[in-house]
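Presented below is the structure to which this report refers.
Model, not experiment: these values are computed from the prediction. In what follows, chains carry the letters A, B, and so on, assigned in the order in which the sequence lines appear, proteins first and then strands, with residues in each chain numbered from 1.
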Amino acid sequence: MSTPTLVKEEAAAAGDPVPRKPSTRKRLVPYWLLLPGIIWLLVFFALPMVYQASTSVQTGSLEQGFQVTWHFQTYWDAFQEYWPQFIRSLLYAGTATLLCLLLGYPLAYLIAFKAGRWRNLLLVLVIAPFFTSFLIRTLAWKTILADDSLVVNALNALHVLDVTSWLGWTEGSRVLATPMAVVCGLTYNFLPFMILPLYTSLERIDGRLHEAAQDLYASPATTFRKVTFPLSMPGVVSGTLLTFIPASGDYVNAELLGSTDTKMVGNVIQSQFLRVLDYPTAAALSFILMAIVLLMVTVYIRKAGTEDLV
Amino acid sequence: MRWIRQHLVVIAGLLTLAYMILPNVVVMVFSFNKPNGRFNYAWQQFSLDAWKDPCGVADMCGSLSLSLQLAAWATVGAVVLGTMIAFALVRYRFRARGAINSLIFLPMAMPEVVMAASLLTLFLNMGAELGFWTVLIAHIMFCLSFVVTAVKARVMSMDPRLEEAARDLYAGPVQTFLRVTLPIAAPGIAAGALLAFALSFDDFIITNFNAGSTVTFPMFVWGSAQRGTPVQINVIGTAMFVIAVLVVVAGQMVTNRRKKSATA
């Protein structure tokens with residue numbers, strides 16, 4: 001173990017050119033501070049992953065008990081049976097993430113640059129819905145999107161539903177129990193996770209950069225494309241991750257707002273674990289989901305981090 | 001037309017805000033409804049019945065108080081463990097730092113259903129009885145990372161010279177911690193605590209997997225979505241929204257007053 005010392009910059013800032021050599025007791029302080037929390041995470045986060053890995057290669061039944069037989073076939077079988085749900089999950093989560101970005105960006109921009117003294121109020125309004133239980137809010141969408149509701153009738157009158165039905169997003173004049181309802185719920189549920197990181201990174205942008213762009217005869221659109229958006233990239237990346245990852249595993253929206261045709265992989269995992277009690281398949285499914293998400297996230301971070309974004 | 005183009009951002013932003021607030025408005029309006037059947041989805045008639053008798057539904061207030069207790073204990077656990085980790089990470093350099101940072105980041109970057117399922121396999125393998133304790137363990141686990149992140153942000157911006165000054169004035173380590181370090185870190189700890197409380201109180205997915213037959217408030221709402229939703233659920237939802245807004249507004253007034261007295 002290396003010697004824990006005070007952070008260098010701090011020592012320098014404290015005007016302490018010669019770092020004192022700490023005593024053994026002092027050296028152990030950070031480890032004592034870390035110990036309880038890290039043990040908690042190891043036992044209740046890391047160890048369960050190991051158990052789940054072992055469960056995924058077991059065979060047997062609930063009555064006879066499960067045994068580790070290194071039956072990797074379960075992964076293949078599970079994927080073959082449920083690949084439509086995987087595709088659907090990624091499609092719905094991806095669409096919801098994109099919608100969150102399109103809807104969230106103007107609001108984050110508004111709060112960061114145009115709100116003035118309304119800024120705090122708007123931030124409260126973004127966070128406050130969080131506090132009404134999200135299940136209650138999701139159920140409210142059932143009322144909003146119900147047949148013959150104001151919203152649905154308006155969409156119908158504007159012939160929006162004709163287009164979405166043709167695209168297969170809705171069915172006739174129904175919105176509830178269609179893919180559009182599920183995506184609408186997902187978008188709604190994860191919007192704050194997009195807006196807050198976007199706002200944080202937009203707020204950090206120096207206003208003088210906008211003035212400089214204007215002085216150089218950039219139009220507002222060009223200023224946005226060449227200055228604002230590239231500088232907000234950290235917020236875009238963390239916002240899309242915070243939206244996409246939980247959305248891809250969500251089963252609440254698909255259950256409450258969808259139908260049997262809109263089931264996502266989260267619904268399958270939930271029912272395999274809690275209703276069918278086929279633990280190996282459920283464990284394999286959840287590992288496949290984790291692997292897909294981690295893979296996509298890694299590729300995305302690489303792309304977003306290294307490519308020239310201007 | 002020109003006006004619309006000039007204010008495009010404001011219009012689009014406010015439309016998004018309306019989209020975000022709409023369900024809360026619906027929840028509020030339908031808390032004054034008198035539904036015809038078991039489901040409170042269609043407007044029938046104005047009534048104050050639900051507000052007069054918020055606990056008139058069997059088991060609902062029991063689940064509510066259980067959720068409040070759970071959230072309180074989960075907050076205490078996550079704040080104590082998380083604050084310690086945050087201090088260790090910001091104030092000290094040691095070898096396992098990178099590994100520990102990723103161990104803290106991972107729970108936030110994992111679909112919740114994966115964590116929920118893996119915890120369940122652990123508890124099943126250990127033969128643990130699912131209930132209050134397994135849910136509490138799970139909630140502390142997933143709140144921990146968020147507390148660490150919130151406290152870390154605050155501690156990082158702290159000037160270590162203030163603690164040096166306290167020591168120069170012959171304050172002992174305990175005195176320095178209690179009278180200097182803790183008060184300065186308090187806003188970060190408070191933010192972490194608020195976040196942990198909200199996350200724990202509202203969590204459904206992890207609870208759904210690990211609660212056994214224990215019913216928290218989100219689980220009660222989930223069940224009622226199938227059996228029929230009592231109006232009282234909307235009353236509780238509205239009350240939570242109003243209380244949250246009041247807490248945030250009060251918090252801002254306190255910080256504003258502090259700022260004013262600090263500059264005066």
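Once rounded to the nearest 0.5 Å, the distance linking CG of B/L122 with OH of A/Y51 reads 6.0 Å.
Remark: the backbone N or O of A/L103 is paired with a side-chain donor or acceptor of B/T16 at under 3.5 angstrom.
Residue B/F201 does not touch chain A at all, counting heavy-atom pairs closer than 4.5 Å. Proximity to chain B (any heavy atom under 4.5 Å) is shown, for A/F44, by both the backbone and the side chain.
Scanning residues 143-152 of chain A against chain B with a 4.5 Å non-hydrogen threshold yields A/T143, A/I144, sorted by number. Among residues 280-292 of chain A, the residues having any heavy atom closer than 4.5 Å to a heavy atom of chain B are, in sequence order, A/S286, A/L289, A/M290.
Chain B forms the most heavy-atom pairs under 4.5 Å with one residue out of A/P106, A/P246, A/P220, A/G104, and that residue is A/P106. Between chain A and the options B/I100, B/I243, B/N234, B/V245, heavy-atom pairs under 4.5 Å are most frequent for B/I100.
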Residues 32-42 of chain A, side-chain donor-acceptor partners within the protein, below 3.5 Å, at least two apart:
{"from": "A/W40", "atom 1": "NE1", "to": "B/I137", "atom 2": "O", "distance (Å)": "3.4"}

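Other residues, nucleotides and ligands contribute only 12 or fewer heavy atoms inside 6.0 Å of the CD atom of A/Q67.
Each ring-ring contact (aromatic ring centres under 6.0 Å, His included) pair with one or both residues in residues 220-256 of chain B, not counting sequence neighbours, appears once here: B/F204-B/W222.
B/Y19 and A/Y188 make their closest contact through OH-N, 3.5 Å (heavy atoms, listed as atom of the first residue, atom of the second, distance). Shortest non-hydrogen contact noted between A/S248 and B/P111 is OG-CG, 4.3 Å.
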